[in-house]
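This structure is a prediction, so every number in the text was calculated from the model and none was measured.
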Amino acid sequence: MKIRVIHTGKVYVSSALPFKDAVKNPNPLQLTLLSLYGRRNRIWLPVSAYLIEHARAKILVDTGWHREISPEGEYNRRAQVRHMGVAHFLLNQGILPKGESVVEQLAALNIAPKDLDFVILTHLHTDHASGLRQLIGAKKILVSEPELDDTKKFPIRYASSMWRGVKLETFAFNDTGVGSVGKSFDLFGDGSIELVNIPGHTSGLTAVKLNVGKKFVLLFSDGGYAKKSWQELIPPGTALDEAQAFKSLQWIREMSLNENCVDSLANHDPDILPHEIILD
């Protein structure tokens with residue numbers, strides 16, 4: 001199995017969004033540009049997607065930014081506001097240089113959206129789902145049932161226009177004992193790709209565990225924002241359920257320290273560069 005780490009531009013956020021400030025403990029509004037706290041100490045982080053070449057399928061995990069946020073490959077405030085809305089722009093801004101959208105990078109590999117057997121969304125926040133409309137044509141676009149439910153319960157946390165016209169299919173987590181709450185979904189029924197519920201940041205947040213024999217690679221999305229997140233147990237600064245988010249981070253740490261873990265990747269880790277992993 002081959003895993004290709006792709007960077008699709010960057011996101012600009014308050015440093016307390018990826019790494020919880022336990023001293024100030026800011027609320028979500030304080031992480032936005034409306035707050036002096038939110039305007040200070042902002043950092044650029046990569047936005048990742050992952051191409052998985054499995055014996056049975058080509059799979060894309062997450063979509064990164066849509067070209068609409070940077071039509072000319074440069075920072076464009078108006079374009080971002082049009083694409084994601086004012087509320088989301090106040091929380092996180094993005095940039096997508098030319099050639100870095102996921103469809104452009106797939107095209108460079110001679111892969112069209114119709115060649116993708118699955119697009120798997122770890123969750124539906126803007127920087128993970130922005131590029132969805134560019135991927136119409138993929139055979140299946142999957143998101144967990146609790147994640148799609150969250151978009152209806154907490155609509156302010158999502159920009160549903162990003163999947164307007166896109167056929168989203170849902171999967172249900174099963175009680176398997178895998179993960180921080182013991183729930184996962186076996187994509188092929190052979191244990192090679194497990195979609196693991198790691199709730200907290202969102203209810204349906206999904207880690208992707210790729211297995212070959214006893215060896216595995218863990219893609220833990222926004223369960224933590226960097227290696228230091230699980231090393232130092234620093235949870236994300238935004239969570240629907242902080243206790244669950246910490247429990248999920250503890251599971252990520254346990255998996256990352258497992259002797260059979262080949263690699264453990266956060267979506268926004270500034271220390272991770274685009275690269276390939278061969279899992280055999």
Side-chain angles (χ1 to χ4, degrees), residues 1-3 48-62 116-125 128-129 138-153 168-224 229-230 233 235-236 239-267 277 279-280:
M1 194 182 327
K2 181 190 290 186
I3 303 108
S48 300
Y50 309 92
L51 176 65
I52 301 164
E53 296 180 66
H54 184 279
R56 297 177 60 175
K58 280 188 174 67
I59 302 163
L60 182 71
V61 177
D62 286 338
L116 296 171
D117 297 285
F118 295 95
V119 175
I120 296 171
L121 285 309
T122 62
H123 60 306
L124 288 168
H125 284 170
H128 295 258
K139 295 177 179 68
K140 285 183 178 289
I141 300 177
L142 299 181
V143 67
S144 72
E145 286 182 353
E147 184 64 21
L148 195 59
D149 287 345
D150 268 6
T151 69
K152 299 165 186 173
K153 293 176 183 176
L168 292 179
E169 298 184 41
T170 58
F171 63 88
F173 292 114
N174 301 310
D175 293 321
T176 60
V178 177
S180 58
V181 291
K183 292 181 178 292
S184 65
F185 175 74
D186 189 333
L187 185 63
F188 294 126
D190 62 1
S192 61
I193 298 184
E194 295 175 288
L195 308 182
V196 184
N197 191 203
I198 51 168
H201 182 61
T202 70
S203 302
L205 185 62
T206 300
V208 181
K209 187 168 177 277
L210 309 164
N211 306 290
V212 173
K214 291 184 178 181
K215 300 293 183 181
F216 67 89
V217 170
L218 182 67
L219 310 176
F220 59 88
S221 186
D222 288 2
S229 299
W230 62 259
L233 289 177
L240 275 179
D241 188 320
E242 292 188 1
Q244 286 279 24
F246 191 74
K247 185 178 177 182
S248 291
L249 189 58
Q250 289 176 307
W251 179 81
I252 291 165
R253 174 181 169 83
E254 178 186 347
M255 290 296 101
S256 301
L257 292 173
N258 187 297
E259 63 181 4
N260 292 312
C261 182
V262 173
D263 214 341
S264 176
L265 306 175
N267 186 279
I277 304 167
L279 187 60
D280 55 17

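For Glu242, the CD atom sits in a loose shell: 12 or fewer heavy atoms of surrounding residues, nucleotides or ligands are nearer than 6.0 Å.
Screening Val217, Val61, Leu51, Val262 for a side chain to side chain contact (heavy atoms under 4.5 Å, CB included) involving Ile3 leaves a single residue, Val217.
The distance from atom CZ of Phe246 to atom CZ of Arg253, rounded to the nearest 0.5 Å, is 9.5 Å. Atom NZ of Lys58 is separated from atom NZ of Lys139 by 9.0 Å, given to the nearest 0.5 angstrom. Remark: Ile52 CD1 to Ile277 CD1 distance equals 10.0 Å, nearest 0.5 Å. Here the CD-CG distance, from Glu147 to Leu124, works out to 5.0 Å after rounding to the nearest 0.5 Å. From His201, atom NE2 reaches atom NE2 of His125 across 4.5 Å, with rounding to the nearest 0.5 Å. Of the inter-residue distances, the one linking Leu187 atom CG with Ile120 atom CD1 reads 5.0 Å to the nearest 0.5 angstrom.
At distances below 3.5 Å, at least one donor-acceptor pair connects side-chain atoms of Asn258 with backbone N or O atoms of Asn260.
When all heavy atoms of Phe220 and Ser264 are compared, the pair lying nearest together is CE2-OG, 3.1 Å. Across every non-hydrogen atom of Phe185 and Ala172, the tightest pair is CD1-O, 3.5 Å. Considering all non-hydrogen atoms of both residues, Leu233 and Pro235 come closest at O-CD, 3.3 Å. Nearest heavy-atom pair, Trp230 versus Leu257, reported as atom, atom and distance to 0.1 Å: CZ3-CD2, 3.6 Å. Listed here is the closest heavy atom pair of Pro199 and Ser180: CD-OG, 3.7 Å. Across Leu249 and Ser229, no two heavy atoms sit closer than the pair CD2-O, 3.5 Å.
In this structure, Asn267 and Tyr50 have side chains that are in contact, with non-hydrogen atoms separated by less than 4.5 Å. Considering only heavy atoms from C-beta on, Leu219 stays 4.5 Å or farther from Asp62 through its side chain. Using a 4.5 Å heavy-atom cutoff, the side chains of Thr206 and Phe171 are in contact. Side-chain contact check for Asp263 versus Leu218: every heavy-atom pair is 4.5 Å or farther apart.
Using modelled atom types and a 3.5 Å distance limit, the side chains of Asp222 and His123 yield a donor-acceptor pair.
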Ignoring hydrogens and angles, write down the donor-acceptor pairs under 3.5 Å from the side chains of residues 188-198, residues two or more places apart or on other chains.
residue: Asp190; atom: OD1; partner: Ser192; partner atom: N; Å: 3.0
residue: Asp190; atom: OD1; partner: Ser192; partner atom: OG; Å: 2.7
residue: Asp190; atom: OD2; partner: Ser192; partner atom: OG; Å: 3.4
residue: Ser192; atom: OG; partner: His54; partner atom: NE2; Å: 2.9
residue: Glu194; atom: OE1; partner: Asn211; partner atom: ND2; Å: 3.0
residue: Asn197; atom: ND2; partner: Ser203; partner atom: O; Å: 3.2
residue: Asn197; atom: ND2; partner: Leu205; partner atom: O; Å: 3.1

